[in-house]
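Keep in mind that what you see is a predicted model, and the values were worked out from it rather than measured. As a basis for the values below, the full set of heavy atoms in this structure was taken, side chains included, without hydrogen atoms, waters or symmetry mates. A note on names: the letters A, B, ... follow the listed sequences, proteins ahead of strands, and every chain is numbered from 1.
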There are 2 protein chains.
Amino acid sequence: MPRGVPKKVDRSLASLASLRRLPLYLDVCRQAEAEGLSIISGTVIAEQLGLEPIQVRKDLSLTGILGRPRIGYALRELIQRIEFFLRWDVSHSAILIGAGRLGQALLAYRDLRRYNFNILFAFDNDSQKIGMVIEGVKVYDIALMQEMLQKNPAEIAIITTPDYVALDVASVAYNAGVRKFWNFTPRRFRLPPGVLIYTESMLTGFSVLSVRDPTA
Amino acid sequence: MPRGVPKKVDRSLASLASLRRLPLYLDVCRQAEAEGLSIISGTVIAEQLGLEPIQVRKDLSLTGILGRPRIGYALRELIQRIEFFLRWDVSHSAILIGAGRLGQALLAYRDLRRYNFNILFAFDNDSQKIGMVIEGVKVYDIALMQEMLQKNPAEIAIITTPDYVALDVASVAYNAGVRKFWNFTPRRFRLPPGVLIYTESMLTGFSVLSVRDPTA
DNA sequence: TAGATTGTTAATCGATTAACAATC
DNA sequence: TAGATTGTTAATCGATTAACAATC
């Protein structure tokens, strides 16, 4: 195939499934690089993840990278292209709503930070927590959220409140301009069109674990 | 279509996608029941979740339920059939490895408890935490894990440790007979065949939130 | 060179959606 | 009854996998 021809990167071409696999490839690549390698083949990536090589190649082609037959992909370039494709090369600002145990666990999640996920502020309604600094992030009174968001726009709102207030706090953030929500409560909610809500439900993991047979 | 004919329930027919939607239906049904309804149609469920009615009907048929044209499904029966299909009608025993903030958040996750997810013990290597009782679950020295597991078999091991010990603690649990793992660390690991590992990675959510356009 | 790996085009597979008779 | 909803069969859609020429 012709080399040196830049391919167009179209993020809308990526399926949800591909989007979920790309971080896995990135992880394998980073580890390989840490081990001193400078080149990696799709076959090797596939092997480490228990996937098919063709699937890896197809996914990687989304990033526009061109590999060398018989050799593989240049590691550094591949890492950069995956990060670029996922937009992890630029900062993503976020606020955390609900500074309980789950929220605090997220504040401490190293990999998010490493990939430019920046939590600006945390909010809570518990006077015990207000004023605390957790993992370098200060906790503010939730009553100040709308005002603070208007002064400091954030791309993403993380919702780690009790579920019965999820919609309320999300609505406030929405009114202050937030259009992406990362919902960790078991309650799903809807907002006006033009909003992206990604819900992490523990129940999906539990359903897979209870139904699937490990020996199958 | 013929009514009163019992349909066979085959859990292996369910795709991962269907398995993820079933808890959503269950949630809608429980809410409807709480509101005093005794019947619900696939159309209404679909509407509340923003899905297509045909998809809901197809998924629900997995549970073997038969609805009535023009009417819908009997709520109580539907709830029971979904719970049965997901095996949430029987208890699932688990141990928690790593009683940090994330682990504690899971101990407090009400919906898991409600669906018969039973965390028997927690383990940690922090002497500060050993002996504590969190949400009714006692924290033991991780050195006791293998021994305690052999006396009290658990179906699932939840891994909420730092990532660099994930494989180690999983191996111990594996040797003590655990065959299902719920991995909350960003590190993927492999165990011998015949093991089910479900990994919750925050990076998948982040990748979707950073790439997808809310207005699209 | 020989042979492994890439990228593309085509085939397969599986899941979603459409169509529609049955029926409450 | 008329019309909404079910369950099934068929069609469509999209993702995965296979095949294979190009090539390092």
Side-chain angles (χ1 to χ4, degrees), chain A residues 1-22 24-25 28-29 32 37-75 77-78 81 208, chain B residues 1-22 24-25 28-29 32 37-75 77-78 81 208:
Chain A
M1 50 266 98
R3 301 209 64 254
V5 180
K7 280 196 293 185
K8 201 61 183 286
V9 167
D10 182 349
R11 293 183 178 82
S12 70
L13 253 49
S15 68
L16 199 64
S18 296
L19 232 39
R20 285 188 164 125
R21 284 189 298 266
L22 282 167
L24 306 184
Y25 304 151
V28 170
C29 289
L37 300 180
S38 65
I39 277 176
I40 195 167
S41 76
T43 316
V44 166
I45 297 176
E47 207 169 293
Q48 294 203 23
L49 293 167
L51 302 174
E52 294 301 317
I54 172 66
Q55 187 169 55
V56 174
R57 272 182 280 152
K58 196 79 174 217
D59 285 338
L60 292 184
S61 77
L62 285 166
T63 70
I65 198 166
L66 283 174
R68 299 196 172 189
R70 172 79 234 265
I71 308 293
Y73 304 91
L75 251 181
E77 184 194 354
L78 183 51
R81 282 190 182 264
V208 175
Chain B
M1 50 268 90
R3 302 208 64 257
V5 180
K7 280 195 292 183
K8 201 61 182 289
V9 167
D10 181 350
R11 292 182 179 85
S12 69
L13 254 49
S15 67
L16 200 64
S18 297
L19 231 39
R20 285 189 163 126
R21 285 190 297 266
L22 282 167
L24 306 183
Y25 305 151
V28 170
C29 288
L37 301 181
S38 64
I39 276 177
I40 196 165
S41 76
T43 315
V44 167
I45 297 176
E47 206 168 296
Q48 294 202 24
L49 293 169
L51 301 174
E52 294 302 317
I54 173 63
Q55 188 169 53
V56 175
R57 273 182 280 151
K58 196 79 174 220
D59 285 337
L60 293 184
S61 77
L62 284 166
T63 69
I65 197 166
L66 283 174
R68 299 197 173 190
R70 174 77 235 268
I71 308 294
Y73 304 90
L75 250 182
E77 184 194 354
L78 183 52
R81 280 189 183 264
V208 175

Rounded to the nearest 0.5 Å, what separation is found between the OH atom of A:Tyr25 and the CD1 atom of A:Ile40?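 Nearest 0.5 Å value for the OH-CD1 distance: 12.0 Å.
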
Test of understanding: with salt bridge (Lys or Arg N to Asp or Glu O under 4.0 Å), list the residues that count as partners of [X], not counting sequence neighbours.
{"X": "B:Glu52", "answer": "none"}
{"X": "B:Arg21", "answer": "B:Asp59"}
{"X": "A:Glu77", "answer": "A:Arg81"}

Under 4.0 Å: is that the gap between some side-chain N or O of A:Tyr73 and OP1 or OP2 of D:dC24?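 For D:dC24, neither OP1 nor OP2 has a side-chain N or O of A:Tyr73 closer than 4.0 Å.
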
Go through the structure and list residues passing side-chain contact (heavy atoms from CB on, under 4.5 Å) with B:Ser38, not counting sequence neighbours.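 Partners of B:Ser38 by the side-chain contact (heavy atoms from CB on, under 4.5 Å) criterion come out as none, since no residue qualifies.
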
In whole angstroms, how far is the [atom2] atom of [N] from the [atom1] atom of [X]?
{"X": "B:Arg70", "N": "C:dC24", "atom1": "CZ", "atom2": "P", "answer": "13 Å"}
{"X": "A:Leu66", "N": "D:dA22", "atom1": "CG", "atom2": "P", "answer": "17 Å"}
{"X": "B:Ile71", "N": "D:dG3", "atom1": "CD1", "atom2": "C1'", "answer": "12 Å"}
{"X": "A:Ile39", "N": "C:dT5", "atom1": "CD1", "atom2": "P", "answer": "13 Å"}

Five-pair end axes of the helix from C:dG3-D:dC24 to C:dC24-D:dG3, angle between them (10°):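 End-to-end axis angle for the helix from C:dG3-D:dC24 to C:dC24-D:dG3: 10°, rounded to 10°.
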
Closest contact, heavy atoms only, [X] versus [Y]:
{"X": "B:Ala14", "Y": "B:Leu62", "result": "CB-CD1, 4.0 Å"}
{"X": "B:Thr63", "Y": "B:Val9", "result": "O-CG2, 3.4 Å"}
{"X": "A:Ile45", "Y": "A:Cys29", "result": "CD1-SG, 4.2 Å"}

Contact pattern, 5' to 3', of nucleotides 12-19 of chain C - B, S or - by protein heavy atom under 4.0 Å: ---SSBB-

